[in-house]
Protein chains: 2
Amino acid sequence: MLDLQTSIEESPHPAAVGEHPQGGSAGYPGLEALVAGLPLRRRTLKAREYLFRAGQPRSALYLVHAGFFKTCVTSVDGREKITSFRLRGDLLGIDALDMPMHACDAIALDTCEVWELPCEQLRHSLPQFQERLTAALAAEIRRDWGWMLALGTLSAEQRVIAFLLDFAARLQALGFSATDLMLRMTRAEVGNFLSLKLETVTRALSRLQARGLLAVDGRQIRLRDAAALREVMAA
Amino acid sequence: MLDLQTSIEESPHPAAVGEHPQGGSAGYPGLEALVAGLPLRRRTLKAREYLFRAGQPRSALYLVHAGFFKTCVTSVDGREKITSFRLRGDLLGIDALDMPMHACDAIALDTCEVWELPCEQLRHSLPQFQERLTAALAAEIRRDWGWMLALGTLSAEQRVIAFLLDFAARLQALGFSATDLMLRMTRAEVGNFLSLKLETVTRALSRLQARGLLAVDGRQIRLRDAAALREVMAA
DNA sequence: CGTAGCTTTGACTCACCTCAACTTGAGTGG
DNA sequence: CCACTCAAGTTGAGGTGAGTCAAAGCTACG
């Protein structure tokens, strides 16, 4: 049982777990339950496939049901930034809710399944849907602000810790282990998200391992002392 | 006529100008026009006054009508980050739309007037209001992602340019000069927003002035060569 | 078995930070 | 009117954390 987050298998139901603390995750327990009975179009993607690209016409909203996505924005002169990683229960496409075109790329990092939400319809037929949507948008803003704060005020090592703790919390909220996590992205992707170079991510992990705070085995990470990690992050 | 952005005087009407390009500003031309006829509670604040603080009960939403705000988030261990500057036409409080408490501090940088929007009421009475709100939320996410990209990929000097160009564009959208801008915040506040130290902001401005790209006189900035500035930013 | 992509590590560099001195301007009170 | 203070801004000298460049190891997969 090394690979705890096998993506295409049904993950534990997110509604089974409690609320997320502020900004930690973009998941909204219950959204999946809310639409589970509806006849939604489902779509599966293989790793590296694009769910959509910035500039493409936007028709629906997507709810991640299995697998793992990243969203990217790109500047006119080619600079790229990963703005989020999306897990089961997270929405894709909300950032362009008011626009005819998508505003970012959404790329599967793994085999994935998404549910297509026809939001114009749902908005009218499901009274709670609009409310959920608003909550999802506001929560995304808070999440982004939290990361802005982290990237603007933490050292490289602290950012890596923040990333791991956040990721672990989100996985735990989905019913996975809070200490054993399988990163589904490369060091370069972690670095891009944290505004660090891949070598810096590697070095931070090596140092934390040397201090016994965690164990690194490729993309498999075991948090050995979450309390100490939290300590280092706040210091 | 040095102080072009005198805050408490009525600014030119935002609806008079066109759409913002992607992510540049959080303003939503028309929102003000939409609610202008309604009997809204208005509130004026002096510089350094808090409109609200993180954790305080949230009742309404605020539309900036005059003046200039910053919003700040603070971590449990005291790290602070300015997440946005808000001008006329911008909304304050949308980040906590789904919560009973505010999620950030909103602080007047100047004499300000805000209109209090009772969003629960408006949502039902004004059909377009919900739509505007959604648009405002999504646009805020795109704005945040744009800054994440900028802070993660640009040098100090480039960030300062990006800030000035963005600010100039927003002021222009409000009917002010696109080349002569009065910063209403300190170097430290600019630096905090850009994840730079205040000395670095000062040095960047000095260098750009030495190259003839702009003229600095305290908080009064004149953009002498916007094209060249854009060039430097993309390089 | 070989190739390609990812990861790790080391040596060196540099952009930005830190610390400190000095300037400027607004407000205050004798 | 001047002396004083205090907050904001500028500039310089020196330090350092993260980036850059390069080489080697590791895995997966055809």
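Every chain is numbered from 1 and lettered A, B, ... according to where its sequence line falls, protein lines coming before strand lines. Predicted model only: the values in this text are computed from it and were never measured.
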Which part of the nucleic acid does Thr202(B) contact within heavy-atom distance under 4.0 Å: base, sugar-phosphate only, or nothing? base
Set of residues satisfying side chain to side chain contact (heavy atoms under 4.5 Å, CB included) with respect to Ala156(A), sequence neighbours excluded: Leu196(A), Thr200(A)
Expected output: side-chain Arg203(A) to main-chain Glu157(A) donor-acceptor under 3.5 Å: no
Measure the distance from CG on Leu208(B) to C1' on dT10(D) and round it to the nearest whole Å. 15 Å
Give the rounded distance in Å between these two atoms: CG of Asn192(A) and C1' of dT7(C). 17 Å
Who are the ring-ring contact (aromatic ring centres under 6.0 Å, His included) partners of Trp145(A), not counting sequence neighbours? none
What residues form a side chain to side chain contact (heavy atoms under 4.5 Å, CB included) with Arg230(A), not counting sequence neighbours? Leu165(A), Ala226(A)
Nearest whole angstrom, please: distance from the C1' of dC16(C) to the CG of Leu151(B). 15 Å
Between CD of Gln158(B) and P of dC16(C) the distance, given in whole Å, is 9 Å
Applying side chain to side chain donor-acceptor pair (under 3.5 Å), can you list everything that pairs with Gln158(B), at least two apart in sequence or on another chain? Ser155(B)
Asn192(A) meets the side chain to side chain contact (heavy atoms under 4.5 Å, CB included) criterion, sequence neighbours left out, with Lys81(A), Ile82(A)
Apply side chain to side chain donor-acceptor pair (under 3.5 Å) to Arg41(B) and list each qualifying residue two or more places apart in sequence or on a separate chain. Glu116(B)
How bent is the helix from dC1(C)-dG30(D) to dG30(C)-dC1(D), comparing axes over its five end pairs at each side, to the nearest 10°? 30°
Whole-Å distance between dC6(C) P and Arg184(A) CZ? 15 Å
Does the protein touch nucleotides 14-30 of chain D at the base, only the backbone, or not at all? Give it as B, S and - per nucleotide, heavy atoms under 4.0 Å. ----SSBB---------
In chain order, what residues pass the side chain to side chain donor-acceptor pair (under 3.5 Å) check against Ser206(A), with sequence neighbours excluded? none
Rounded distance (Å) that lies between atom C1' of dC6(C) and atom CG of Leu109(A): 15 Å
Mind checking side chain to side chain donor-acceptor pair (under 3.5 Å) for Thr83(B) and listing every partner two or more places apart, or none if nothing turns up? Thr71(B)
Using whole Å, report how far CG of Leu183(B) lies from P of dT10(D). 10 Å
Touch check for Val216(A), heavy atoms < 4.0 angstrom, all strands: base, sugar-phosphate only, or nothing? sugar-phosphate
Would you say His65(B) and Arg42(B) are linked by a side-chain donor-acceptor pair, where the criterion is simply a distance under 3.5 Å? no
Whole Å only: how far is the CD1 atom of Ile221(A) from the C1' atom of dC6(C)? 14 Å
List for me each residue that meets side chain to side chain contact (heavy atoms under 4.5 Å, CB included) alongside Ser75(B), sequence neighbours excluded, and say none if there are none. Leu149(A), Asp77(B), Arg79(B)
Pull out every protein N or O sitting under 3.5 Å from an N or O of nucleotides 12-14 of chain C, one pair per line with the distance.
none

